[in-house]
Structure formats: C-alpha cells, structure tokens
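Every chain is numbered from 1 and lettered A, B, ... according to where its sequence line falls, protein lines coming before strand lines.
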There are 2 protein chains.
Amino acid sequence: MEKYFEVLRKCPLFVGIADEHIFKMINCLGAVLETFDKKYTIIAEGNPAKFIGILLSGSAQIEQVDYYGNRTIMGRVEPSQLFSEEFACAERESVPVSVIANEPCEVLLVDCNHILHTCHNNCSFHQQMIFNLMKNMATKNIVYHQKMEITSKRTTREKLLAYLMFCAKEAASNSFEIPYDRQELADFLEVDRSGLSAEISKLRKEGILQSTKNHFELL
Amino acid sequence: MEKYFEVLRKCPLFVGIADEHIFKMINCLGAVLETFDKKYTIIAEGNPAKFIGILLSGSAQIEQVDYYGNRTIMGRVEPSQLFSEEFACAERESVPVSVIANEPCEVLLVDCNHILHTCHNNCSFHQQMIFNLMKNMATKNIVYHQKMEITSKRTTREKLLAYLMFCAKEAASNSFEIPYDRQELADFLEVDRSGLSAEISKLRKEGILQSTKNHFELL
DNA sequence: CACCTTTTGTTGAAATTTCAACATATTTGC
DNA sequence: GCAAATATGTTGAAATTTCAACAAAAGGTG
C-alpha cells in the first residue's frame, strides 16, 4: 500500500489530512484494493451504488450505452481521482453508468456507508472528508457543465473545435495531447466517428490545425 | 421572512436542522433577500461566483448562450432549490451560466464564504450544512447525468421521446405537464424549434402521443 | 372586442450527419 | 518480422437537421 502514498496524497478525498493519518483512515474506512485488466469493467451499469472509487493507477472511462447501442463517454478518470462517488453519496440504488479500465488499473473501493453514516462523534477527519467530497462534487459538476457546453454545439466541427480549444486552454498551449482515440472522441462529442475523421481532415486542409494521432496543434 | 418557513424547511441546505434554528442560521449566514421580475437576470454569466442562491418563490432557469447565439437550457429551479451553489462551492472565479427568472421570483443569496470558510469551531449546524451541500451536489450531478443521457441521443425524435419518458417516470403517469414551452424545450434538448414542433406533430399523427400545449400523454 | 405581440405549426431548400462499405495505416501478439 | 487485428481515413447515398419564411393560433392589453 505504501507505494500509493503519492497518489493518495493527491486524492481529493484526503485534502487537508496529514500524511501520517491517510493510511490509518484507509484502514478505518475498510477500503478494498482491486485490480482490473485493460477493457475490464470496474463498475457495471446497474450495480448497487455502494462504493466510492479511488483510482490508484492506470486510467478509466465513464461510459453509458443506450437502447440504440450508442456509447456516450462521460469522462475519464486519472489516478488520484474519485469515481462513482456521486451515486454513492446521493444514495442511489444503482449506478447508471459503467466504469471501464482503459489500461490495467488498480482501484480502491470505499463503502460509502463508512463515509456517510458512521462517526457522528464529530471526528475531525471525517468532517474534513465530507467537506472534501463536497468540493470534489462541486468541481465535478462544473466538469459536466463544460462537457455540456461542448456537446450542445450543433455540428461536428463546432463540437470538435470547442473541445480542442478547451484542451488548449487546459494545457495552456496550442499544442497538446488528447486522451481519446478517434472512436472515443466521437463518443465523447456524441457524433459519428467517420464524420469526425472527415472533419479533422478538413480542418487540417484548411490550415486550422495540425495533428498526428492524439497530438493536436491549433494554428 | 416567516412566510417562507415552509419553503425553507424543504430546502436541501437545511435538512436535519431543527425548525427553530433555521431563521437564526439565515441571519447568521448574512443572507440577502432579493426580488426579480419575469425575464430578469438573477445571476448573469460572468458574475463572481460568490453566492449560493435559494429560490423562495417563482421559478427560474439555468441558461447558457454560446458564441453562435444558441441558447442551452441546463435546467429549471423550483422553490426550495439551490442554484449556483456548484460554482460558489468549487470557488470558481465566475459563473459560466445565467440564471433567469421565468416568473416573478424571490431569492435568498448567501455569501458562500459564510458557509465554506467560517465557523471552524465544529459548530454542528455548520457541519450539517456542509453535509447537506454534499448530498445536494451529488444529486445535482445525477440530474446532469440524466440530461446528458437525453441530449446524447442523435435525433430530435429520440431526444424528445427520451425526455418525455423521463417525465412520465417522474410523474409516475403517462399523462403529465412539462415545464417548458416549445422554444425552451428545443433549447433544453439542443435541437431546432421548428423541427421539434414538426416531430411532435408526427408523433401525434402516428398515435404515439397526445398533447395540448404543455400537457403530454404517451400512448 | 379589436389590436398587437408572442407562440406554435408547416413547409421546402440547403447544409450536415449518419451509415455502410471499403482502403489504408497502425498496433498487437507470436 | 509477419500476420492478424484494430484504428483511422475516405467516399457517396440516405436520412435528418437546420434555417428562413410564413401561416395559424393563443395570449395580453387597452
């Protein structure tokens, strides 16, 4: 467990909690370590919303597949980040999305009851965690706002440019990598993959961007 | 202020707080009461993200207008509900959306600093409020998930049906009212208004639904 | 009630997306 | 390094959306 120290320090759940207390808390919370191979399902749609996930290594994706078979990618999870916490904290019956490993992943699963319903004796760590969860969820809320701002655009070109400009802003550079392959980007932007490829070519020909694989540069 | 008692009791911020303490807390939080006429802007895009809003009466809408002039309606706010709390709690500089009064509104604005940064003396009310905010934001997060599930559909018809089925589920009946007029529904579903009207007519002719104004019935 | 304003429905043309099918490029596993 | 599998790019046809313009209906106001 010690090898995850740096990851856990950065976890939004443990902000403001002294290093020496983090591992004690993880024990106290009854966290379970699990590993998943690439493409495996960490949490399946319909599962009970019981766990708050902490990604320790690898990367994962939040997905939803609808009735028609269209996949929507809600977002990506990187080490230190939480996943599925909104469903656990809202005390939903089940999780409406799937969490899929993009590469081999190690995750820590914390039973949400240990965070929400125990320790009413004013334990200060516990209160700090609730505060941290609150902040984390406010931030996640904003991330969803940003996704909606991108996907609300009406054409593939506008969605793509909105997304790329967002990435450029995040990277503070016109040159950046995106975390998605073409199919994933299409599923994130909620457009057709082949149309997306065509649009990227078009923008390249128009001299608006350069790209090789996942690397883009806005001109 | 007493006339808002019932509304405040139902406010997610005051869950688990005894009735007799609610007004004291509102004073303590330095909440400001403001009123707005129909169509007025309660919070404008770009404003400092300083306030958590509580809607006391009327109804409001969360909107975002992009570069191209397309309006997106993120959602609706009903009495007792909070608005703009995610931006305040995440300590964002400014609010990326506008909150618009749909009818004459009374709102309570609470400086988020009074909730986030004071009272580190373990005041139990305060801790309850943080917990409440956390739950509220988890729930809001899920609401956004639901919206994305609807708007991720690829055609106007699919979006509309997904929305109507969601409403029917909420109402626990095939017969229900929606809170939007046609233009607003189009802006919520992120489609063209005239195309939406055409699609509704089509569904009516196909015998899939009946509708008069805002009332719908799925058959 | 009559007038004006706003909302809703209808239509056809133009733009765009999706879909399917295939070619090419890249990656993976042995 | 090769073969197989996967990912990406390209194309044209069909479906759908958007857009603009207008007609009809509903609502508000004096």
Contacts of Tyr144(A) meeting ring-ring contact (aromatic ring centres under 6.0 Å, His included) (sequence neighbours excluded), chain-then-number -> His145(B)
Could you list the residues that satisfy ring-ring contact (aromatic ring centres under 6.0 Å, His included) with Phe83(A), not counting sequence neighbours?
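Per chain and number, Phe83(A) pairs via ring-ring contact (aromatic ring centres under 6.0 Å, His included) with no residue.
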Between Leu33(A) and Leu109(A), is any pair of side-chain heavy atoms under 4.5 Å apart?
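No, too far: nothing below the 4.5 Å cut-off.
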Heavy-atom donor-acceptor pair, [X] side chain to [Y] backbone, under 3.5 Å:
| X | Y | value |
| --- | --- | --- |
| Lys205(A) | Ile200(A) | no |
| Thr155(A) | Glu158(A) | yes |
| Gln64(B) | Pro96(B) | yes |

Do Lys147(B) and Phe188(B) meet the cation-pi criteria used here (NZ or CZ under 6.0 Å from the six-membered ring centre, within 45° of the axis)?
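Yes, cation above the ring, under 6.0 Å and within 45°.
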Salt-bridge test for Glu199(A) and Arg157(A): reply yes if a basic N is under 4.0 Å from a carboxylate O, no otherwise.
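So Glu199(A) pairs with Arg157(A) through a salt bridge.
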Any carboxylate oxygen within less than 4.0 angstrom of a Lys/Arg side-chain nitrogen, looking at Glu63(A) and Arg71(A)?
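The answer is yes: the pair qualifies as a salt bridge.
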Compile the donor-acceptor pairs under 3.5 Å between side chains in residues 45-54 of chain B and protein atoms, sequence neighbours left out, one pair per line.
none

When the C1' atoms of the five terminal pairs at each end define the local axes, what inter-axis angle does the helix from dC1(C)-dG30(D) to dC30(C)-dG1(D) show, to 10 degrees?
60°
Once each nucleotide of nucleotides 25-30 of chain C is scored for protein heavy atoms under 4.0 Å, what B/S/- sequence comes out, 5' to 3'?
--S---
Let me have a per-nucleotide readout for nucleotides 8-21 of chain C, 5' to 3', with B, S or -, counting only protein heavy atoms under 4.0 Å.
BBBB----SSBBB-
